[in-house]
*Asks:* 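Attaching a single structure in structure tokens format; questions to follow.
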Amino acid sequence: MVECGELLRVGGRAPRKVDLRFVSATNRELEAAVAAGTFRRDLYYRLAGAVARLPPLRERTGELLPLAEHLVRQLAQAAGRAVPSLSAGAVSALGAYDWPGNVRELRNCLERALLLSPGQSLAAEHLQLRPAAAATTGAVAAPLGLPLDKVAETGAVDDAQIREALQRCGGNQTRAAALLGVSRRTL
């Protein structure tokens, strides 16, 4: 009945007029899930009225610094502090990091840095980002020293490498499997 602009409440006798919009978000490719039969086709078409695809932060590097500056301003004002600047080292560290947690992770990182910073400048050490050698080299170092993208060539995938790949991909099993060079089912 919602499609008619009306709904009948439980126990109600007469339909009520409603004006509803559903907004949903996912990190899954719903079209592929529909094709694979793991997501209901009718539900997909009900939700897919207007689809906005937002690429992950790591693919929008040009937006990273302005977004970080905006978030620092917002967080500092909320904390009642003067707005600190980002040091050159902090800017470099932000750009080198892969941001698997996207904007939420960036916001949390900047909030933590704001709390840890005693002065008017946020330095790289205040960000507490783990080394991002993988972001600059394109390879992820596996716990045993073997780059994860080379694991498939050797056929040696152990639990530690799987955990590392999952952590690197923010828990996304499809991306972790691709990084390891194995199928999602094998992962």
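We count residues from 1, following the sequence as given. We use all heavy atoms of the structure for the numbers below, so side chains are in, but hydrogens, waters and symmetry mates are not.
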*Asks:* Hey, is CZ on Arg81 packed in by over 12 heavy atoms from elsewhere, all under 6.0 Å?
*Replies:* yes
*Asks:* Can you name the residues that form a salt bridge (Lys or Arg N to Asp or Glu O under 4.0 Å) with Arg40, not counting sequence neighbours?
*Replies:* Asp42
*Asks:* Given side chains that start at C-beta, do those of Gln128 and Arg112 come closer than 4.5 Å, heavy atoms only?
*Replies:* yes
*Asks:* Looking at side-chain heavy atoms only, is the closest gap between Arg28 and Thr174 below 4.5 Å?
*Replies:* no
*Asks:* So if you build clusters from Ile, Leu, Val, Met, Phe, Trp, Tyr with side-chain heavy-atom gaps below 4.5 Å, do Leu116 and Leu86 land together?
*Replies:* no
*Asks:* With hydrophobic residues grouped by side-chain heavy-atom distances under 4.5 Å, do Leu106 and Val83 end up in a single group?
*Replies:* yes
*Asks:* Measure the CD-CG distance between Glu59 and Asp98 for me, rounded to the nearest 0.5 Å.
*Replies:* 9.5 Å
*Asks:* Show the nearest heavy-atom pair for residues Arg60 and Pro55, with the distance to one decimal.
*Replies:* NE-O, 2.8 Å
*Asks:* Kindly give the heavy-atom pair with the smallest separation between Ala123 and Ser87, and that separation in Å.
*Replies:* CA-OG, 3.4 Å
*Asks:* Under 3.5 Å, is there a donor-acceptor pair between the side chain of Arg58 and the main chain of Pro100?
*Replies:* no
*Asks:* Rounded to the nearest 0.5 Å, how far does OG of Ser24 lie from CG of Leu43?
*Replies:* 8.0 Å
*Asks:* Side-chain contact, heavy-atom cut-off 4.5 Å: Leu7 with Lys17?
*Replies:* no
*Asks:* Would you list the atom pairs, donor with acceptor, under 3.5 Å between side chains in residues 30-39 and any protein atom, with sequence neighbours excluded?
*Replies:*
residue, atom, partner, partner atom, Å
Glu31, OE2, Tyr44, OH, 3.0
Glu31, OE2, Arg53, NH2, 2.4
Thr38, OG1, Ala33, O, 3.2

*Asks:* Can I get a per-line list of side-chain donor-acceptor pairs under 3.5 Å for residues 66-76, giving both atom names and the distance, sequence neighbours left out?
*Replies:*
none

*Asks:* Report yes or no: do Leu115 and Leu122 belong to one cluster of Ile/Leu/Val/Met/Phe/Trp/Tyr joined by side chain heavy-atom distances under 4.5 Å?
*Replies:* no
*Asks:* So if you build clusters from Ile, Leu, Val, Met, Phe, Trp, Tyr with side-chain heavy-atom gaps below 4.5 Å, do Val51 and Leu47 land together?
*Replies:* no
*Asks:* Can you confirm whether Pro84 sits close enough to Ser121 that some side-chain heavy atom of one is under 4.5 Å from a side-chain heavy atom of the other?
*Replies:* no
*Asks:* Quick one: does His126's side chain get under 4.5 Å of Cys109's, heavy atoms only?
*Replies:* no
*Asks:* Rounded to the nearest 0.5 Å, how far does OH of Tyr97 lie from CD of Glu105?
*Replies:* 3.5 Å
*Asks:* Would you say Arg9's side chain and Ala14's backbone share a donor-acceptor pair under 3.5 angstrom?
*Replies:* no
*Asks:* Does the Trp99 side chain pair with the main chain of Leu94, one donor and one acceptor, at a distance under 3.5 Å?
*Replies:* yes
*Asks:* Is a side-chain N or O of Asn102 found less than 3.5 angstrom from the main chain of Leu57, in a donor-acceptor match?
*Replies:* yes
*Asks:* Would you check, one step at a time, whether the test side-chain contact (heavy atoms from CB on, under 4.5 Å) holds for Gln173 with Leu166?
*Replies:* CA-CA 6 Å; Gln173 293 177 4; Leu166 286 168; 3.9 Å; yes
*Asks:* Taking CD in Glu125 as the centre, count heavy atoms belonging to other residues, nucleotides or ligands within less than 6.0 Å. Is the count above 12?
*Replies:* yes
